[in-house]
Amino acid sequence: MARFAFIALLLPIILPLLIVGLFLHFLNNIVIYLLVWMWWLPKGKDVLYVSSESPIWKEYMETEVFPLVAERAIVLSWSARSKWPKWSFAVRVFRTFGRGRDFNPMVVLFRPFRRARIFRFLPAFQEQKHGNSASVEQLRRDLIQVL
């Protein structure tokens with residue numbers, strides 16, 4: 001009974017905060033999409049490419065994936081994240097689409113007025129580490145197909 005009363009007392013505080021938080025989340029996504037569509041796409045930049053110096057995927061990403069998107073990519077190196085400008089738009093886009101999981105390496109492909117296609121390579125490289133390289137190749141083929 002005391003637990004129910006406690007929840008009932010906190011609900012008027014928590015619910016508005018939750019609504020505001022969801023509103024700000026969706027507003028951030030809308031603004032990021034609009035800015036990418038208006039700022040990056042007209043310049044021919046429709047890809048956000050994120051990778052690092054990891055020996056697990058560095059060579060593969062540099063030779064098999066990066067050449068596919070090099071001329072059309074905004075590039076971020078996770079290994080150099082301490083040098084990223086604090087107010088960089090590319091970093092804001094990364095934080096919006098990376099969402100704290102499997103973000104490195106990652107390719108985000110933008111198309112006008114459509115949701116971004118996100119290719120998260122980390123799970124595929126984890127499978128490759130255990131002897132299954134089919135996932136990495138399939139993800140690369142999927143990327144080639146939509147480019």
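These numbers come from a predicted model, not from an experiment. Every heavy atom of this structure was used, including side-chain atoms; hydrogens, water molecules and symmetry mates were not.
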| note | Hits for salt bridge (Lys or Arg N to Asp or Glu O under 4.0 Å) against Glu62, two or more places apart or cross-chain, chain-then-number order -> Lys58
| query | Quick one: side chain to side chain donor-acceptor pair (under 3.5 Å) partners of Tyr60, sequence neighbours excluded? | reply | Glu137
| side-chain contact (heavy atoms from CB on, under 4.5 Å) involving Ile19 - partner list, sequence neighbours excluded | Leu15
| said: Run the side-chain contact (heavy atoms from CB on, under 4.5 Å) test against Leu68 and tell me which residues pass, sequence neighbours left out. | reply: Arg140, Leu143, Ile144, Leu147
| said: Just to verify, what does Ser52 make a side chain to side chain donor-acceptor pair (under 3.5 Å) with, not counting sequence neighbours? | reply: Trp57, Asn104
| field | salt bridge (Lys or Arg N to Asp or Glu O under 4.0 Å): pairs with one or both residues in residues 114-124, sequence neighbours excluded | value | none
| Contacts of type side-chain contact (heavy atoms from CB on, under 4.5 Å), residue Trp39, not counting sequence neighbours | Lys43, Phe89
| How about Pro112 and Leu41: do any of their side-chain heavy atoms sit closer than 4.5 Å? | yes
| task | Would you mind listing every salt bridge (Lys or Arg N to Asp or Glu O under 4.0 Å) that reaches into residues 90-104, with sequence neighbours excluded? | result | none
| message | Which residues pass the side-chain contact (heavy atoms from CB on, under 4.5 Å) test with Leu34, not counting sequence neighbours? | response | Ile30, Trp37
| said: So, using salt bridge (Lys or Arg N to Asp or Glu O under 4.0 Å) as the criterion, who are the partners of Arg111 when residues are at least two apart? | reply: Asp46
Donor-acceptor pairs under 3.5 angstrom involving side-chain atoms of residues 76-83: please list them, not counting sequence neighbours.
from  : atom 1 : to    : atom 2 : distance (Å)
Ser77 : OG     : Ser79 : N      : 3.4
Ser79 : OG     : Glu53 : N      : 2.8
Arg81 : NH1    : Trp78 : O      : 2.8

